[in-house]
Amino acid sequence: MTTAQRHTAALAALADIVGPAHVLTDPDLVAGYETDWTGRWHGHAAAVVRPGSTSEVAAVLAACTRHRLPVVPQGGNTGLVGGSVPMDGELVLSLRRLSEVTEVDPVARTLAAGAGVTVAQAQRAARDHGLDFGIDLASRDTATLGGIVSTNAGGVRMIRYGNTRAQVLGVEAVLADGRVLTRWKQLTKDNVGYDLPGLLTGAEGTLAVLTKVLMKLVIPGDATQVALVGIDRVDDALTLLGAASRTGLVLEAAELMTAAGVDLVARHTATGRPFTHAAPFYLLVEVSGPGDIESRLLGVLDDAGSLVLDATIASGPADKLWRYREAHTEAVAASSRTPVVKLDLSTPHRSIGRFIDDLTAGLSDRFPQLRVICFGHVADGNVHVNLLDVPAASQERVTEFVFDLVTRYDGSISAEHGIGRAKARWIELSRSPVDIDVMRDIRTALDPAGLLNPHVLF
Ligand code: 2HG
Ligand code: ZN
């Protein structure tokens with residue numbers, strides 16, 4: 001059988017499983033699944049299949065194995081490393097129809113949901129029971145639970161509740177050959193064997209396809225206060241956060257921005273600039289805690305003296321202040337003349353300030369034509385380096401320059417976005433040869449034919 005005949009037979013088998021209406025081949029319908037929203041990652045899909053149940057996912061994967069058709073699992077397609085877009089004729093397996101929150105257990109504080117449930121949907125379901133979902137990120141209305149678990153997403157609440165892996169209690173997932181793996185126990189203590197949910201979390205769809213997840217929920221903090229603070233240096237942010245923690249305030253979020261980023265957002269969103277005089281850096285901090293947190297937060301800012309160039313505070317959720325931070329991704333995308341080169345890095349805490357200074361100086365020296373906007377989760381040592389106006393011909397050199405610097409700082413080339421297609425060829429900068437061998441062995445054991453998301457990770 002030729003490849004074309006094999007594909008035709010595979011698509012017919014898929015239509016038998018999910019119904020012809022859920023196998024998309026019309027180029028206009030498929031186009032939205034073939035590219036990510038940054039416009040940087042795209043490719044060509046054989047088709048898009050949209051199963052509506054675990055058993056359909058299982059039958060789809062068994063058929064793909066029989067017909068040797070590679071598969072790219074896709075949730076909300078909000079990832080930033082090209083991990084959910086096809087490259088060259090794979091089948092896109094969309095999990096979005098698995099969109100039901102099946103149970104919220106307010107006693108155990110868990111949420112059971114299909115992989116296609118969005119983060120915002122999970123947040124609403126949790127809040128209906130006086131609880132909250134421990135992950136929050138700007139793409140909450142589109143990002144799915146299957147997607148954030150597959151990529152072990154971070155987000156703005158990681159400082160408080162940890163990353164996605166810390167929220168995963170159980171999974172149901174389909175292996176490449178169609179077997180369904182269920183590790184799903186409502187138990188706080190259950191120490192039997194390998195941590196398979198932990199392994200599938202962050203596997204970027206290379207080991208199995210998640211169909212259901214059992215997530216922990218959190219008890220939300222009391223009322224919060226949010227401060228936007230102008231500062232001279234990145235290290236001043238760490239000093240302020242340390243001082244706030246020492247007074248017993250609980251850090252709910254701590255985000256860093258630069259003058260250039262805030263200025264861009266102010267222009268893009270047509271909101272005013274936060275302060276009369278721009279500061280080199282801005283810290284957005286949200287705190288909770290017992291007692292009068294407003295006066296305690298004001299006390300921290302007062303005690304910091306001249307370290308605080310300017311500041312404004314508001315009661316949470318303080319959407320107007322958060323907008324300066326949350327609109328960064330869309331503002332850079334709208335402003336850049338080329339698809340933005342996004343590098344999500346982390347460094348040890350003590351060196352994050354020096355790293356950002358070296359990076360900014362090095363880039364303007366070597367690549368004067370591009371613009372750099374850094375922002376991110378400063379208390380996690382996580383910097384989102386966004387590079388604007390980078391001609392296609394220099395994307396690789398710029399990426400290598402940044403990765404070389406972060407490696408010299410003993411940092412990571414991916415703090416929270418994963419590796420995807422974007423960083424696959426540089427994975428050895430952050431993992432040793434033996435580490436990579438072990439990961440490859442695990443991948444081969446679970447997916448011997450290499451059909452699941454073949455272009456990501458290695
Ligand atoms: C965020 O923190 C996301 O807002 C996106 O991780 C970061 O756009 C980016 O570079
Ligand atoms: Zn982030």
Side-chain angles (χ1 to χ4, degrees), residues 156-160 221-267 269 271-328 331 347-361 372-384:
V156 294
R157 302 289 162 190
M158 182 162 162
I159 181 178
R160 176 82 164 96
D222 297 329
T224 63
Q225 287 287 323
V226 179
L228 180 66
V229 190
I231 47 178
D232 257 326
R233 301 167 331 131
V234 175
D235 286 351
D236 297 343
L238 299 179
T239 306
L240 281 171
L241 294 171
S245 298
R246 273 191 298 279
T247 67
L249 286 168
V250 177
L251 299 178
E252 297 279 338
E255 297 292 316
L256 181 81
M257 296 170 280
T258 63
V262 168
D263 192 57
L264 196 67
V265 168
R267 278 186 281 130
T269 58
T271 43
R273 292 181 175 73
F275 305 131
T276 322
H277 300 290
F281 295 98
Y282 295 83
L283 170 68
L284 182 82
V285 58
E286 181 156 359
V287 296
S288 66
D292 182 356
I293 49 171
E294 182 178 356
S295 50
R296 278 156 70 206
L297 182 58
L298 286 170
V300 169
L301 298 176
D302 264 357
D303 292 348
S306 61
L307 185 146
V308 172
L309 304 180
D310 208 338
T312 176
I313 88 167
S315 302
D319 294 333
K320 231 175 119 194
L321 294 183
W322 265 106
R323 187 86 183 116
Y324 286 111
R325 166 61 178 86
E326 294 216 310
H328 263 67
T347 70
H349 284 93
R350 63 176 182 285
S351 29
I352 185 167
R354 268 187 301 124
F355 171 72
I356 292 177
D357 290 346
D358 274 3
L359 176 80
T360 317
V372 52
I373 305 278
C374 290
F375 58 97
H377 319 292
V378 63
D380 303 327
N382 184 179
V383 196
H384 295 313

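These numbers come from the heavy atoms of this one structure, side chains and all, not from hydrogens, waters or symmetry mates.
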- Item | Shortest non-hydrogen contact between A266 and R273, atoms and distance | CB-CG, 4.0 Å
- Item | Minimum side-chain heavy-atom gap L309-P280 below 4.5 Å | yes
- Item | side chain to side chain donor-acceptor pair (under 3.5 Å): pairs with one or both residues in residues 242-251, sequence neighbours excluded | none
- Task: Go through the steps to decide whether I313 and V229 satisfy the test side-chain contact (heavy atoms from CB on, under 4.5 Å), and finish with yes or no.
- Result: CA-CA 8 Å; I313 88 167; V229 190; over 6 Å; no
- Message: I want to check something: taking the side chain as every heavy atom from C-beta on, are I356 and L256 in contact at a cut-off of under 4.5 Å?
- Response: yes
- Qualifying side chain to side chain donor-acceptor pair (under 3.5 Å) pairs, either residue in residues 296-305, two or more places apart: none
- Query: Are any of the side-chain nitrogens in R267 or D263 under 4.0 Å away from the carboxylate oxygens of its partner?
  - Reply: yes
- Query: Yes or no on side-chain contact (heavy atoms from CB on, under 4.5 Å) for C374 and H384, after CA distance, side-chain angles and deciding distance?
  - Reply: CA-CA 6 Å; C374 290; H384 295 313; over 6 Å; no
- Message: Restricting to non-hydrogen atoms, name the atom on V308 and the atom on L301 that form the minimum distance, rounded to 0.1 Å.
- Response: CG2-O, 3.8 Å
- Note on the structure: Closest non-hydrogen contact found for G316 with V226 is CA-CG2, 4.2 Å
- Shortest non-hydrogen separation from L241 to A379 and the atoms involved: CD1-CB, 4.1 Å
- Task: Can you measure from CG (D310) to CD1 (I231) and round to the nearest 0.5 angstrom?
- Result: 12.5 Å
- Message: Distance check, rounded to the nearest 0.5 Å: E255 atom CD versus H377 atom NE2?
- Response: 5.0 Å
- Message: Side chains of Y324 and T271, heavy atoms from C-beta outward: is any pair under 4.5 Å?
- Response: yes
- About how many Å separate CG of L297 and CD of E286, when rounded to the nearest 0.5 Å? 10.5 Å
- Query: Any side-chain heavy atom of V285 within less than 4.5 Å of one from L240?
  - Reply: no
- Item | Check: V265 main-chain N/O paired with H328 side-chain donor or acceptor under 3.5 Å | no
- Query: Would a 4.5 Å heavy-atom cut-off, applied to side chains only, mark Y282 and T258 as touching?
  - Reply: no
- Which heavy atom in G289 sits nearest to a heavy atom in V250, and how many Å separate them? CA-CG2, 4.5 Å
- Message: Using a strict threshold of under 4.0 Å (side-chain N to carboxylate O), is an ion pair present between R354 and D357?
- Response: no
- Message: If I take atom CZ from residue R323 and atom CG from residue L284, how far apart are they, to the nearest 0.5 angstrom?
- Response: 13.5 Å
- Message: Using the rule given for side-chain contact (heavy atoms from CB on, under 4.5 Å), can you reason through D236 versus F281, listing the C-alpha separation, both sets of side-chain angles and the distance that settles it, and then say yes or no?
- Response: CA-CA 9 Å; D236 297 343; F281 295 98; over 6 Å; no
- Message: Any donor-acceptor pair under 3.5 Å linking the side-chain atoms of T224 with those of E252?
- Response: no
- Item | Nearest atoms (heavy-atom pairs only) where W322 meets R157 | CZ2-NH2, 4.2 Å
- Could you tell me whether the side chain of T239 and the main chain of D235 form a donor-acceptor pair under 3.5 Å? yes
- Query: Hey, does the side chain of D292 reach the backbone of E294 with a donor-acceptor pair shorter than 3.5 angstrom?
  - Reply: yes
- Message: Show, in sequence, the C-alpha distance, side-chain angles and deciding distance for T312 and F275, and conclude whether the side-chain contact (heavy atoms from CB on, under 4.5 Å) test is met.
- Response: CA-CA 9 Å; T312 176; F275 305 131; 3.8 Å; yes
- Message: Working to the nearest 0.5 angstrom, can you tell me the gap between T269 OG1 and E326 CD?
- Response: 12.5 Å
- Item | M257 CE to R325 CZ distance, which is reported to the nearest 0.5 Å | 7.5 Å
